[in-house]
Number of protein chains: 2
Amino acid sequence: MVKGHHRTTIVDVARHAGVSIKTVSRVLNGQPHVTEDIIRRVKEAAAAVNYHPNMLARALVQRRSHLIGLVYENPSPSYVVDLQKGVLERLRDEHYRLVVIPIASISAHEADVVGLLRSAALDGVVLAPPASDSERIMADLTAASIRFARIAPTRLIEAGPSNLIDDVTAAREIAAHVIGLGHRDIAIITGDPTHASADARMQGFAEAFAAAGITIAPERIATGFYTYESGHAAATTLLARADRPTAILAQNDDMAVGALIAALEAGLTVPGDVSITGFDDSEVARIAWPAITTVRQPVFDMAVAAADMVVAQLKDTPPILCRSHRHELIIRQSTGVAKR
Amino acid sequence: MVKGHHRTTIVDVARHAGVSIKTVSRVLNGQPHVTEDIIRRVKEAAAAVNYHPNMLARALVQRRSHLIGLVYENPSPSYVVDLQKGVLERLRDEHYRLVVIPIASISAHEADVVGLLRSAALDGVVLAPPASDSERIMADLTAASIRFARIAPTRLIEAGPSNLIDDVTAAREIAAHVIGLGHRDIAIITGDPTHASADARMQGFAEAFAAAGITIAPERIATGFYTYESGHAAATTLLARADRPTAILAQNDDMAVGALIAALEAGLTVPGDVSITGFDDSEVARIAWPAITTVRQPVFDMAVAAADMVVAQLKDTPPILCRSHRHELIIRQSTGVAKR
DNA sequence: GTGAAAGCGCTAACAA
DNA sequence: TTGTTAGCGCTTTCAC
């Protein structure tokens, strides 16, 4: 697709086959009402002149770029790769391509996002958090008539096709698990405050604490950013305190691994001295040692479903508006009974 | 970009501003020879009618899709994300978009790859291993006049713009480090045999062994596939042998982490009972415990440079044909002096 | 400095 | 069943 000498077009094929360009077009698009004989002749001619259709011309007239975007901000490699794999899985046989649109800080660039998407001529986009919670982005997308589907939104569920997970319940369950092991001195490492998931997960924790009649001191709550480094830094501080917590609840796996390493560096054993939990069940949680107790969020499945929702809209199939995806508490070796 | 009601076009803007479409085009593309006054009028008109250029029409006439592909097969999330980040870094201000093209088994689909790229209307592609070593793919790309640049090819360096790393020397250095620690009973977990890097790294290991007069028994060499699981499985077998090796050289970090976990599961200490090395310096190597001794491959830098080579060709800038990137031995905690 | 008209390569009404 | 013709929305000679 680059400037240069003459590329063979549908006209060349038509001339070579001795038919009209419309007939060539019909054959190439597998449309009906063409004689077997002509089909063969056109195909031979196409091969003979080494013809390859110009997708840009086709896209222009069809008003379809066959490009789907994936908007995300998440810094966790395994999360991002899961997301991409899911979308690609659904797109594979649909003749759509995936354009990745990572955005450094969506909350800071809400107003620019759709301009970016527009200039990429996308037919549709999958919105991962926190873009999936942005009213502004959804409104702009609608105005630009770019189809979209959302992954794990936490609010305005009606605003667009959504794939839901119950972050609150998931967080409550994992906190309850830790409380059930006898822990009372519990610290928390929150996720990026600009992601609504951080609030939801916090609320779930709070519900579990309330149910058990436990109060968490503010000094026991540290802010992270869903990155390994932020989890490591937060845990290092939390564990250095005189009243060391016996458990740390991190709001994603990357931060949990950061906390784990911080604990090991401090000469503590896990879960002997301190129990640690993550969130998401990304690959790092499995390959840590000890493996991290976490809550599985079906990121891949949500991405497949979201891509499906976009494709459905593009085909004018009756669209699925909302799907719920089940989380699952995964107890591994990083949590244990609280020491006396 | 979807079928529907009338979208405003350059014609609407022209009418609204009382000028010709050519003038609108000139203003929108920042071309010279337009009065200040008209520039302002056109811009106001564009805003007034809520005009957004149709990138597909522009692409058709310019024969430029502004789409760059990234072809890879690598299963390691952190490697893939590094690659993507690098390409995106260079593309950010160039108005190019990144289309990701993961291919399950490039060696099995060599003949189909370029057809896929063609049908995506890409202006250029960055080829990561093992596509960067495929003569067939490069020939097809040239025939389709799709520009490309290669990441870490191991052969036919002249065949296209390349970003080189010295896998052999890097492998030799890390093996020499282990040998220098006194290890003689050394096992190896190789990478995917269809990736030429596996051969190169093996050769580097072999050179180090030869220099030290060490022979490695064939049973001490296991085949992996650059995945955590394959490393884990291979190490589990290697470590179960009566003549347990005191060091394991894995050909990438994911496999090294797999080996690490296998060792810990077997009740061994690292590096006390067994030293383990990786390759690449991906994130997992840093966040393992103990952190993995490895060789840094500047994946991000190579991706930036490769994207730059593609962009340069698209701009008809004198192209850079070849760049070498420096590796770096990174000694962490997973290697130690061999036990007597 | 500005505009009229001719395509880019394809699909799609509408005829034949 | 097949072909003619008119666009899709933009850029680009080439006059004026």
Side-chain angles (χ1 to χ4, degrees), chain A residues 1-43 45-46 49-66 95 118-119 121 123 144-145, chain B residues 1-43 45-46 49-66 95 118-119 121 123 144-145:
Chain A
M1 299 309 316
V2 142
K3 276 178 194 145
H5 53 22
H6 176 72
R7 281 177 54 91
T8 64
T9 74
I10 198 172
V11 177
D12 300 306
V13 179
R15 191 165 33 222
H16 197 93
V19 297
S20 78
I21 61 167
K22 176 56 190 164
T23 301
V24 175
S25 174
R26 265 195 278 262
V27 171
L28 265 27
N29 293 297
Q31 288 168 4
H33 308 308
V34 194
T35 329
E36 278 303 325
D37 181 52
I38 291 206
I39 293 183
R40 195 177 35 70
R41 245 165 65 203
V42 168
K43 287 191 170 165
V49 300
N50 189 31
Y51 171 74
H52 293 275
N54 181 326
M55 304 314 280
L56 293 176
R58 182 177 288 180
L60 174 60
V61 65
Q62 290 184 156
R63 295 173 170 79
R64 277 273 192 289
S65 64
H66 286 276
H95 216 77
R118 228 173 179 140
S119 72
D123 287 340
S145 53
Chain B
M1 301 308 317
V2 143
K3 277 179 194 144
H5 53 22
H6 176 70
R7 280 176 56 92
T8 64
T9 73
I10 197 172
V11 177
D12 301 306
V13 179
R15 190 164 34 219
H16 197 94
V19 297
S20 77
I21 60 167
K22 173 57 191 162
T23 301
V24 176
S25 174
R26 265 195 279 261
V27 172
L28 265 27
N29 294 298
Q31 288 167 7
H33 307 307
V34 194
T35 328
E36 277 302 325
D37 182 51
I38 291 205
I39 292 183
R40 196 177 35 69
R41 246 166 63 204
V42 168
K43 288 191 170 165
V49 300
N50 189 33
Y51 171 75
H52 293 275
N54 180 325
M55 304 315 281
L56 294 176
R58 182 176 288 179
L60 173 61
V61 64
Q62 290 184 156
R63 298 175 169 76
R64 276 271 191 290
S65 64
H66 287 275
H95 218 74
R118 228 172 178 141
S119 72
D123 286 341
S145 54

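Letters A, B, ... mirror the listed sequences (proteins, then strands); counts begin at 1.
Contact annotation: A:Ser25 side-chain N/O to C:dT11 OP1/OP2 distance is under 4.0 Å. Phosphate proximity of D:dG9 to B:Thr9: absent, as no side-chain N or O sits under 4.0 Å from OP1 or OP2. Taking side-chain N and O atoms only, A:Asn54 has no distance below 4.0 Å to OP1 or OP2 of C:dC8. The side chain of A:Thr35 contributes no N or O atom lying less than 4.0 Å from OP1 or OP2 of D:dT1. Regarding contacts with the backbone of D:dC8, every side-chain N or O of A:Arg63 stays at 4.0 angstrom or more from both OP1 and OP2. Note on A:Ser20: every side-chain N or O is 4.0 Å or more away from OP1 and OP2 of D:dT2.
Nearest to the side chain of A:Asn29, among C:dT11, D:dT11, C:dT2, sits C:dT11. For B:Pro53, taking side-chain heavy atoms from C-beta onward, the closest of the listed nucleotides C:dG9, D:dC10, C:dT2 is D:dC10. Comparing C:dC10, D:dT2, D:dC10 by their closest approach to the side chain of B:Ile10 singles out D:dC10. Listed nucleotides: C:dG1, C:dC10, D:dC8. Nearest to the side chain of A:Ala57: C:dC10.
Residues B:Val61 and B:His33 each lie close to DNA chain C; by heavy-atom proximity, the contact nearer the 5' end of the strand is made by B:His33.
Looking at heavy atoms from C-beta onward, A:Val13 lies in side-chain contact with A:Val42 at the 4.5 angstrom threshold. Contact check for A:Arg26 versus A:Val19: no side-chain heavy atoms found under the 4.5 Å cut-off.
Rounded to an integer number of Å, the gap from CZ of B:Arg41 to P of C:dG1 is 16 Å. In this structure, CG of B:Leu56 is placed 10 Å from P of D:dG9, rounded to the nearest angstrom. The nearest whole Å value for the distance from the CD atom in B:Gln62 to the P atom in D:dT12 is 6 Å. Taking atom CG on B:Leu60 and atom P on D:dT12, their separation rounds to 12 Å, with Å as the unit. The CD1-C1' distance, from A:Ile21 to D:dG7, rounds to 12 Å in whole Å. Across the protein-nucleic acid pair, A:Gln31 atom CD and D:dG3 atom P stand 14 Å apart, rounded to whole Å. Atom CZ of A:Arg26 and atom P of C:dC10 are 16 Å apart (whole Å). When rounded to the nearest whole Å, the span between NZ of A:Lys22 and P of C:dC10 equals 13 Å.
Nucleic acid contact class of A:Val19 (heavy atoms, under 4.0 Å, all strands): sugar-phosphate only.
Side chain of B:Thr9 to main chain of B:Val11: a donor-acceptor pair is present (N/O by atom type, distance under 3.5 Å, no hydrogens or angles).
Taken to the nearest 0.5 Å, the CG atom of A:Asn50 stands 9.0 Å off from the CZ atom of A:Arg7.
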Checklist entry - Given the rule in the side chain to side chain contact (heavy atoms under 4.5 Å, CB included) test, do A:Tyr51 and A:Leu28 qualify, once you have shown the distances and angles that lead to the verdict? => result CA-CA 11 Å; A:Tyr51 171 74; A:Leu28 265 27; 3.5 Å; yes

